[in-house]
Amino acid sequence: MLVFHNRLLTISFGTFVKHLPTLVPATFNPRKTRRLSVASATIPNAPRFETLAPCQKEQIRVYVDALLQWNKKMNLTAVTDVREVMERHVEDSLAIVPPIRSSYLSHCGESCEKLNLVDVGTGAGLPGLILAIACPGWKITLLESINKRCVFLEHAVGLTGLSNVKIIRERAETLGQNLDFREVFDVAVARAVAELRILAEYCLPLVRVGGLFVAAKGHDPVEEVQRAERAINLMGASFLQICSVESYGPHGQRTAILCLKDNHTPRKYPRDPGTPAKLPL
C-alpha cells in the first residue's frame with residue numbers, strides 16, 4: 001500500500017512505466033519468479049540469511065535482484081555487487097533483529113511477535129523491508145520522502161508478496177506531528193540517515209511511551225551518543241545501551257544504539273521540516 005499524506009500526488013503513466021522494469025505478480029510464488037543474479041553460491045558470508053526459511057531466502061533474493069536492476073536507473077545504493085549487498089546491507093539489517101527482540105522483552109512488553117515498527121528514511125527498504133521478510137508477524141511501515149524511492153518500494157513489496165508492509169511518502173518531521181502516527185509505534189528504526197541527535201527528533205515522536213528507538217550506527221558511536229544525549233532526553237527518552245553486532249563491512253563491527261521512550265514527546269517536537277538537520281538540538 002502506498003500512502004501519500006496531506007497532498008494529492010499525480011504520476012503520469014509514462015513516468016510510472018519508466019521506473020517499472022518488470023511486472024509485479026499479485027502473490028509471491030518462487031517457482032514463477034525469475035532470479036536474475038543472486039544464488040546461494042554467491043553469498044559466502046551470510047550466516048543470518050542462512051537461518052531463514054527457504055521462502056524467506058527466496059524473497060530476499062528477489063528483492064536484491066530488483067534493487068540491483070533499479071539501481072542502474074536511480075541511486076538506491078552505492079553498493080552494486082551482489083555479495084556486498086548481501087553481506088553488508090542484508091546481513092546488517094538482519095543483525096538488528098536480536099537486539100530489538102531482547103531489549104523489547106526486557107523493557108517494553110511480554111511479547112515481540114507482533115511489533116508495530118516504522119523504518120524512518122528507509123531509502124531502498126533497508127532495514128525495514130528485510131525486517132518484514134524475516135519477521136512476518138511484525139507490521140512494518142516504510143517512511144520515505146523521495147517519490148522515486150517509494151515507487152521502487154511499492155514494486156519490491158509487490159514482487160516479494162509482502163502483506164505486512166505499508167509505504168508512506170512523507171517527511172519524518174511532518175508525520176511526527178500527525179496524530180494518526182504520533183506515538184503509535186512500538187519501535188522506530190533508522191539506518192544511514194543522519195547524526196543521532198537529528199535522528200532522535202525524527203524518530204522518537206513516532207514511538208509510543210514504553211517503546212524503543214533503534215539506530216544502526218558504525219563501529220565507534222560513543223561521541224555521537226554523547227552529543228545526542230540532550231536531544232534524546234528532550235524527546236522524552238533515555239539512552240538504554242549500545243549493542244555491538246558483527247558486520248562484514250570495512251571495520252568488521254557495527255552497533256545498534258537503543259533508547260527507551262519514558263515520557264510523551266513535547267508537542268513542539270519535531271520542529272518544522274528541515275529544522276532538525278539545520279539546527280540540531
Side-chain angles (χ1 to χ4, degrees), residues 1-11 100 104 108-109 114-129 131-132 138-154 156-157 162-216 228 231-238 258-281:
M1 179 187 296
L2 185 56
V3 181
F4 304 96
H5 284 277
N6 302 326
R7 68 186 66 139
L8 176 64
L9 182 69
T10 302
I11 305 175
I100 290 174
Y104 194 87
C108 306
K114 295 183 179 181
L115 294 184
N116 185 14
L117 181 147
V118 59
D119 178 9
V120 176
T122 187
L126 299 163
L129 200 145
L131 298 181
W138 293 6
K139 180 182 176 183
I140 305 293
T141 297
L142 304 178
L143 177 59
E144 174 55 49
S145 63
I146 298 177
N147 178 57
K148 64 181 181 180
R149 292 177 183 169
C150 289
V151 174
F152 166 73
L153 291 170
E154 183 74 6
V157 168
L162 291 169
S163 60
N164 60 332
V165 176
K166 176 191 291 184
I167 300 161
I168 298 179
R169 182 194 162 217
E170 189 55 274
R171 292 189 63 116
E173 302 100 317
T174 302
L175 202 72
Q177 290 291 354
N178 186 323
L179 295 181
D180 290 334
F181 297 93
R182 184 180 177 87
E183 297 191 329
V184 302
F185 294 97
D186 299 312
V187 180
V189 301
R191 177 179 183 265
V193 175
E195 187 182 349
L196 185 60
R197 57 181 174 165
I198 300 171
L199 280 182
E201 190 169 356
Y202 288 165
C203 296
L204 281 164
L206 298 169
V207 179
R208 69 170 177 84
V209 175
L212 289 177
F213 162 44
V214 183
I232 292 170
N233 292 339
L234 283 172
M235 296 304 118
S238 57
L258 294 104
C259 300
L260 179 65
K261 183 77 171 280
D262 304 301
N263 301 293
H264 292 289
T265 299
R267 198 69 181 86
K268 64 181 179 180
Y269 299 116
R271 292 168 290 169
D272 291 339
T275 302
K278 292 176 183 177
L279 300 170
L281 296 170

Margin query: Checking L117 against L131 for the side chain to side chain contact (heavy atoms under 4.5 Å, CB included) test, could you report, in this order, the C-alpha distance in whole Å, the side-chain angles of both residues, the deciding distance, and whether it holds?
Written below: CA-CA 9 Å; L117 181 147; L131 298 181; 4.2 Å; yes
Check: Checking side chain to side chain contact (heavy atoms under 4.5 Å, CB included) for the pair T141/I168: CA distance, chi angles, key distance, verdict?
Finding: CA-CA 7 Å; T141 297; I168 298 179; 3.7 Å; yes
Check: Could you walk me through whether K166 and L142 pass the side chain to side chain contact (heavy atoms under 4.5 Å, CB included) check?
Finding: CA-CA 6 Å; K166 176 191 291 184; L142 304 178; over 6 Å; no
Item checked: Stepwise side chain to side chain contact (heavy atoms under 4.5 Å, CB included) test for L115 and Y104 -> CA-CA 9 Å; L115 294 184; Y104 194 87; 3.4 Å; yes
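In this view, A228 and L196, R197, I232 satisfy the side-chain contact (heavy atoms from CB on, under 4.5 Å) rule, not counting sequence neighbours.
Rounding to the nearest 0.5 Å places CZ of F152 at 9.5 Å from CD1 of I167. Atoms CG and OG1, on D272 and T174 in that order, are 8.5 Å from each other to the nearest 0.5 Å. The line from SG of C259 to CG of L199 is 10.0 Å long, rounded to the nearest 0.5 Å. Rounding to the nearest 0.5 Å gives a distance of 8.0 Å between CG of N116 and CD1 of I140. Here the CG atom belonging to L153 is positioned 11.0 Å from the CD1 atom belonging to I146, to the nearest 0.5 angstrom. T265 OG1 to R208 CZ: the interatomic distance, rounded to the nearest 0.5 Å, is 13.0 Å.
The one candidate from K268, R271, R171 that meets the salt bridge (Lys or Arg N to Asp or Glu O under 4.0 Å) condition with E201 is R271.
The two residues N263 and E183 have their closest heavy-atom pair at O-OE2, 4.4 Å. When all heavy atoms of R267 and L179 are compared, the closest pair comes out as NH2-CD2, 3.3 Å. Nearest approach of C108 to L260, heavy atoms of both residues: SG-CD1, 3.8 Å. Counting all heavy atoms, side chain and backbone alike, P276 lies closest to I198 at O-CG1, 3.7 Å. Taking all atoms of both residues into account, the shortest heavy-atom contact from G128 to D119 is N-OD2, 2.8 Å. Across L258 and L212, no two heavy atoms sit closer than the pair CD2-CD1, 4.4 Å.
Side-chain N or O atoms of K261 include none that pairs as donor or acceptor with a backbone N or O of G211 at under 3.5 Å. Using a distance-only test at 3.5 Å, with no hydrogens or angles considered, a donor-acceptor pair links the side chain of N164 to the main chain of W138. A distance-only check finds a donor-acceptor pair linking the side chain of D262 to the backbone of S238 [under 3.5 Å]. Judged by distance alone, the side chain of E170 and the main-chain N or O of L143 form no donor-acceptor pair under 3.5 Å. Looking only at distances, a side-chain donor or acceptor of R182 sits under 3.5 Å from a matching main-chain atom of G176.
The shortest side-chain heavy-atom distance between L206 and V184 does not fall under the 4.5 Å cut-off. Taking the side chain as every heavy atom from C-beta outward, T122 and V189 never approach each other to under 4.5 Å. Within the 4.5 Å cutoff, the side chain of L129 has heavy atoms near those of the L162 side chain.
A salt bridge links R149 to E144: at least one charged side-chain nitrogen sits closer than 4.0 Å to a carboxylate oxygen.
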